[in-house]
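Structure, as structure tokens:
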Amino acid sequence: MDSRTMFVLFWMLLSSTSSGIKLDGNGYVDIVIAISSRVPEDNTLINKIKDMVSEGSLYLYAALDKKVYFKQATILVPPQWNSTAFTKARTESYGKAKIIIDKANPAYGDEPYTNQYGECGAEGQYIHFTPNFIRDTTLIKPYGSKGKVFVHEWAHLRWGHLIKISLEILSTTDFLCKFFPNKYQNAQSSIMFIPSLDSVTTFCRENEHNYEAPNLQNKKCNKATWTVIFEDSVDKDALRSLKPLQSSPPAPAFKVVQRMHRVVCLVLDVSGSMQGSRILRLQQAATHFLQNIIEDQASVAMVTFSTDASTLSPLTRIDSDTTRERLVTLLPKTASGSTYICKGLNLGLQVLNKDNGDAIGDEIIFLTDGEASDNLNSCVPSAINSGAVIHTIALGNKADKALREMAYKTEGKFITASDDILSNQLLNGFSSLTVPTGDQTKEPLDSVGAKTSDWFNGTVPVDQTVGTRTSFTITYETSLPNIYITSPSGSIYDQMRMRHDESTKTVTLKVPGIAETGDWKYSIKSPKLQSLTVTATSQAARADVPPIIVKANMDQKFNDGTKPMTVFAEVSQNYKPVINAEVWATLEPDSGSAETLQLLDNGAGADAFKDDGVYSRYFTKMKNGRSSLKVRVKNQGGQARFTLQKRGGAPYVPGYVVDGVVELNPSKPPVSAELFVIGSFTRTATGESFEVVLKSTTPPNFPPNRITDLSAEIQEDTVLLSWTAPGEDLDQGTAKYYKIMWSFDLKMLRFNFSNAHEVNISAISPQEAGSVEQHSFNLGFPIQNGTTLFFAVQSEDKELVKSEISNIAQASKILPLSQPTGVLEIDLKLVVIAVAVCLATVVIIAIIGITIWALTPRKTA
């Protein structure tokens, strides 16, 4: 075993610097709670957060048989908050925090919720609390104690519990039906249903779970919360082996930290293998970063390394465009020598230490294309423990394997870039290295490339959520092309109005003021065959209108081929999902051809929730090596729109029954938001790269994906079933065969599928994955009124590999009460008219009778 392998094994075991939430014994640690920079300073909010977590720790301890509690949490406050009590943040950042405190999502208001992408048991993205929910004590009555609500959302975030049904549902008559539980009762479960009841203190188990409830937990998981936690969650192994605590847990420990302005050091490889196109691409990507990406008032330094290391620039405050351009002129232009990674890394840390004596919270952007010539044991562990965030960029397929884990251990990003110039991976990778604070304003609009000796034309829409600091960056390979950029109103920007840097072969147009809304067109004429790229970026047009953003990621950073990977892209604007967009993912290995997938938001296959703005797809064609992820979103057809559709949230109880009387809680404020027309837009996003090391030389063969949207309906004696077609391999291709079973008993399908009744479907052939399947069947007997039937589907591929059994759909035959024979249907209006006529007739007859009686002569006695 060589020294490099020994090093990787050593520092992968460094528990003190591993990233993300984890269990330390019985206690959860490294919980980051980040407050958005959009939240005004309020130190009482910090104390309220501490109270919620402390209270939640005791509820968690009781709910999970005294096995776990919250041991340590870090609260990250915004950069603009002023206090000497905050310590300097290390690797904590708003973008990677699992609990965020921010202004309200328009669909939820103050209702807490968890943003979830994946399948049952998969960790969520984050819990969203509003400052008002944290502070407002009047919300305890309808939602429950803040600590118990935190535990409710924790089950979604950490253990992948999916969403229960709301306490408010629409009845068949379109009236809002509300459920009012008894305030005082003995029910102990479930926290996932009604955490506001004092008696509810635990999660439901298999013997308590209602499998017939029409909720996503049953459709996607088909098991109780307790089972999901102990069989499917990221903590399943640890929880099964943990012994209960013998006494109450200690109170959580808290740190309050703050990340100030960015301090970044570029550490760039200029060894001999970087000669030629690689050093040029480094210059182009770093130029774009310095000119357009790094924020004003950030501090930037530059270091290069090969056989030795040198400082190109000490830390320099970005205070003007002149400063940016001066840094660009210092970028390296030549390459030679060996790849002494430790020399570059150590010098980068020394430069960062010069501003305040340490590198805590600072960033290193480390780029290399080769394996280390030195011993990584001598520098990387200390770099990980320095407190700096280390982003690593691997250029080509020979960059050192340690880069991925170094980034992972310090909460940095790991980016790979192949030698394919047209993919623009290196420039896109630099563009993705931002540190969001909750007020995201900068967005990459588009990034494309072409190899041509003729015209290269295209369109970049500038939508109404962006427009300031709009820039177009054009790179070329050998000869300066003719470039024309036309605004939506027809104004033409030629090269006289652009900046040309001949040394980096880069041309930049910075649009003055706020760019016009609409389609911007570029036309580039190349004088010879060469590679050209165009990258457009822009920032929010208004401070109060966040831009449409895209977040792209894989569900795993490492895969051995035994399970599929999933690609996710979330498209939103101020938390509002953007649906019906066209979303494509490109997964490009460091050598070989790229794989392109259209991501879907259809609630089937890899996509957990339909129309939630999260577009997903399984990735099955895995190859050994490292791959990059790029997502491109567009709405040039005008189909995309916003939605305020909710997919869960903390249960809000509209009232309680106390001594037989309903006591109402205050009504939830109505959801209202301006859903303006989106119009044409494009966005690109670069996700973190991932690595595949296949266990077998045989390509993995995955079954068809599990059907999770099966629905059933009974029409007289015919059953109508609907579902989304799975694929040959998960959600791609076409399955070979369906097997449909039915039963009068749900448990029969769940536990003994093959022994249920089979539906004859010999005439049915599966359609392509993603298609809507609708089929009607006659079961061969009359279905009586009041009958409930249960259905499930299993699919097979051509190699007879079976999918998991689908969700169990149920249908009931309920006929309306028939009218008695011979009795005519009576119109109420006619009855009223008839009665009125009758009454009027009686009155008239009475008047006539009285008049006649009064006028008739009477005999005298």
Side-chain angles (χ1 to χ4, degrees), residues 276-278 280-293 325 328 417-431 443-463 466-467 469-512 515-538 584 586 588 594 630 632-634 636 680-684 686:
S277 66
R278 287 184 175 179
L280 173 61
R281 292 170 59 211
L282 181 155
Q283 290 176 295
Q284 293 171 339
T287 294
H288 180 66
F289 178 80
L290 294 170
Q291 288 182 339
N292 304 304
I293 303 301
E325 298 303 333
V328 168
S418 72
D419 284 316
D420 180 8
I421 298 175
L422 298 183
S423 68
N424 223 7
Q425 289 173 311
L426 191 58
L427 192 146
N428 292 335
F430 268 92
S431 298
E443 278 303 300
L445 302 184
D446 208 355
S447 179
V448 292
K451 188 165 188 175
T452 181
S453 59
D454 201 352
W455 286 100
F456 175 30
N457 301 315
T459 300
V460 177
V462 173
D463 59 273
V466 293
R469 299 195 68 169
T470 303
S471 68
F472 291 82
T473 300
I474 297 93
T475 68
Y476 60 95
E477 197 172 5
T478 54
S479 300
L480 177 65
N482 292 318
I483 304 170
Y484 305 93
I485 296 177
T486 306
S487 73
S489 64
S491 297
I492 298 176
Y493 295 82
D494 58 20
Q495 281 161 252
M496 296 295 292
R497 303 172 71 177
M498 303 177 191
R499 182 188 181 280
H500 176 218
D501 188 329
E502 187 174 1
S503 64
T504 63
K505 295 180 171 53
T506 302
V507 180
T508 304
L509 169 66
K510 292 191 174 183
V511 179
E516 295 176 43
T517 300
D519 290 343
W520 286 71
K521 298 179 180 180
Y522 56 85
S523 298
I524 305 171
K525 179 65 170 68
S526 177
K528 59 187 295 186
L529 183 63
Q530 64 177 339
S531 296
L532 307 170
T533 70
V534 176
T535 302
T537 61
S538 190
W584 291 87
T586 301
E588 186 166 352
K630 177 181 174 180
R632 189 166 186 260
V633 181
K634 60 182 179 179
Q636 292 175 326
S680 293
F681 76 89
T682 58
R683 292 290 188 276
T684 60
T686 299

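On a predicted model such as this, the values are computed, not experimentally measured, just so you know.
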If only atom types and distance count, is the side chain of Lys630 paired as donor or acceptor with the main-chain N or O of Asn428 below 3.5 Å? no

Are the side chains of Pro461 and Trp520 in touch, meaning some heavy atoms are under 4.5 Å apart? no

Holding to side-chain hydrogen bond (donor to acceptor under 3.5 Å, both in side chains), I want the full list of residues that pass it with Tyr493, two or more places apart in sequence or in another chain. none

Set of residues satisfying side-chain hydrogen bond (donor to acceptor under 3.5 Å, both in side chains) with respect to Ser491, sequence neighbours excluded: none

Please examine the side chains of Thr586 and Arg632, heavy atoms only from C-beta on, and report whether any two atoms are closer than 4.5 Å. no

Kindly indicate whether the side chain of Gln284, heavy atoms from C-beta on, has any atom under 4.5 Å from the side chain of Thr533. no

First locate atom OG of Ser526, then atom CG of Leu532, and finally report the distance between them rounded to the nearest 0.5 Å. 5.0 Å

Working to the nearest 0.5 angstrom, can you tell me the gap between Leu509 CG and Arg497 CZ? 8.0 Å

Shortest non-hydrogen contact between Ser503 and Gln283, atoms and distance: O-OE1, 3.7 Å

Side chains of Thr506 and His288, donor plus acceptor under 3.5 Å: no

So, for Asp463 and Ser680, which heavy atoms are closest and what is the spacing to 0.1 Å? CB-O, 3.7 Å

Could you go through Ile524 and Tyr476, starting from their C-alpha distance and side-chain angles, then the distance that decides it, and tell me whether this counts as side-chain contact (heavy atoms from CB on, under 4.5 Å)? CA-CA 10 Å; Ile524 305 171; Tyr476 60 95; over 6 Å; no

Beyond-backbone contact of Tyr522 with Ile474, side-chain heavy atoms, under 4.5 angstrom: no

What's the verdict on side-chain contact (heavy atoms from CB on, under 4.5 Å) for Phe681 and Val466, showing C-alpha distance, side-chain angles and the deciding distance? CA-CA 10 Å; Phe681 76 89; Val466 293; over 6 Å; no

Among side-chain atoms of Gln291 and Ser471, is any donor-acceptor pair under 3.5 angstrom? no

Under 3.5 Å donor-acceptor, Glu588 side chain and Ser418 backbone: no

Restricting to non-hydrogen atoms, name the atom on Glu477 and the atom on Ser531 that form the minimum distance, rounded to 0.1 Å. OE1-N, 2.9 Å

Using side-chain heavy atoms (C-beta onward) and a distance below 4.5 Å, is Ser431 in contact with Phe289? no

What is the distance from atom CG of Leu427 to atom OG1 of Thr287, rounded to the nearest 0.5 Å? 9.0 Å

Give the minimum heavy-atom separation between Pro527 and Pro481, together with the two atoms involved. CD-CA, 3.9 Å

Suppose the criterion is side-chain hydrogen bond (donor to acceptor under 3.5 Å, both in side chains): which pairs have a residue in residues 451-460, not counting sequence neighbours? Asn457-Ser523

Would you kindly say whether Thr537 and Asn292 are connected by a side-chain donor-acceptor distance under 3.5 Å? no

With no hydrogens and no angle check, do the side chains of Gln530 and Ser479 hold a donor and an acceptor under 3.5 Å apart? no

Distance in Å, Lys510 NZ paired with Thr470 OG1, rounded so as to fall on 0.5 Å steps: 11.5 Å

My understanding is that only one of Thr473, Thr535, Thr475 makes a side chain to side chain donor-acceptor pair (under 3.5 Å) with Asn424; could you say which? Thr535

Look at the side chain of Gln495 and the backbone N and O of Ile483, then say whether any donor-acceptor pair between them is shorter than 3.5 Å. yes

More than 12 foreign heavy atoms under 6.0 Å from NZ of Lys521: is that the case here? no

Spatial distance of atom CZ (Arg683) from atom NZ (Lys634) [nearest 0.5 Å]: 15.0 Å

Rounding to 0.5 Å, atoms CD (Glu325) and CG (Leu290) come to a distance of 9.0 Å

